[in-house]
Enquirer: 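The structure that follows is given in the form of structure tokens.
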Amino acid sequence: MTDRQKQHLLAFLGFYGGAVDGIWGEQSRQATVDFQCAYMESPDGVFGPETQRRIRQVIGNSEKPAAQSSDFWKEITCFSRAEFRCTCGGRGCDGFPAEPSERLVRNAQTARVHFGKIADVSSGVRCQLRNAELPGSAANSLHLRGKAMDFRIRGIDSQSLCAYVRTLPGVDEAYAIDSQYVHMGVEKYERGTENE
Ligand SMILES: [Zn+2]
Ligand SMILES: [Zn+2]
């Protein structure tokens, strides 16, 4: 595995935010430590064979949709399932205490395509532990059931994004979190099945 590949995998899982350029600096080392803290027993900051084996395993798991989640992910080109993983870092769950809702993910893709700019998910699915840690989160948050996400579209202010999100199907919660990020929650009220 080259350093560039390692950075790519760390970035894919959300541990590395720097340039994927194959230059192994402090940011790459720190991302390795963060990954190891989340998934391995003894973090040493060295991306050796054991870390390579482990990261392949983690990505394999996160890429493989659970049996019940149909395969709508194949039609989702703007987001990966891994972007919705719980950010507790393995302390409270394995990353997916619930599956991201198909309605939610399809709406996010619609918004992404509408604005034509890069989207970032800051929070997708949450376990109880992670949800309780986040200031202002509701005890019965839709994030716990994979029915909410916090995201932004780069270059679009949250009021504009929020107004658009409100027009999408099944949206029951839409509000601006700050100047960029919007919370979108779907299917809060049961409307029958979403099977098309
Ligand atoms: Zn968790
Ligand atoms: Zn939220």
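Ligands are counted one by one from 1 in listed order, and the atoms in each one are counted from 1 as well.
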Enquirer: Is R81 positioned over the aromatic face of F96, cation under 6.0 angstrom from the ring centre and no more than 45 degrees off axis?
Expert: yes

Enquirer: Does some side-chain heavy atom of P169 sit less than 4.5 Å from a side-chain heavy atom of R103?
Expert: yes

Enquirer: If the condition is side chain to side chain donor-acceptor pair (under 3.5 Å), which residues does S28 pass it with, not counting sequence neighbours?
Expert: Q7

Enquirer: Do I55 and L13 have side-chain heavy atoms sitting under 4.5 Å apart?
Expert: yes

Enquirer: Do D157 and S160 have a side chain donor and acceptor closer than 3.5 Å?
Expert: yes

Enquirer: Apply ring pair (Phe, Tyr, Trp, His ring centres under 6.0 Å) to F15 and list each qualifying residue two or more places apart in sequence or on a separate chain.
Expert: F35

Enquirer: Over all heavy atoms of both residues, which pair between T32 and V46 is shortest? Give the atoms and the distance, please.
Expert: CG2-C, 4.1 Å

Enquirer: Anything protein N/O/S under 2.8 Å from the Zn ion (ligand 2)? Just list residue and atom, please.
Expert: H143 NE2, D150 OD1, H183 ND1

Enquirer: Got L161 and Y181 here, is their nearest side-chain heavy-atom distance under 4.5 Å?
Expert: no

Enquirer: Pull up every protein N/O/S atom sitting under 2.8 Å from the Zn ion (ligand 1), skipping waters.
Expert: C86 SG, C88 SG, C93 SG, C127 SG

Enquirer: Minimum heavy-atom separation for H183 to D150, with atom names?
Expert: ND1-OD1, 3.1 Å

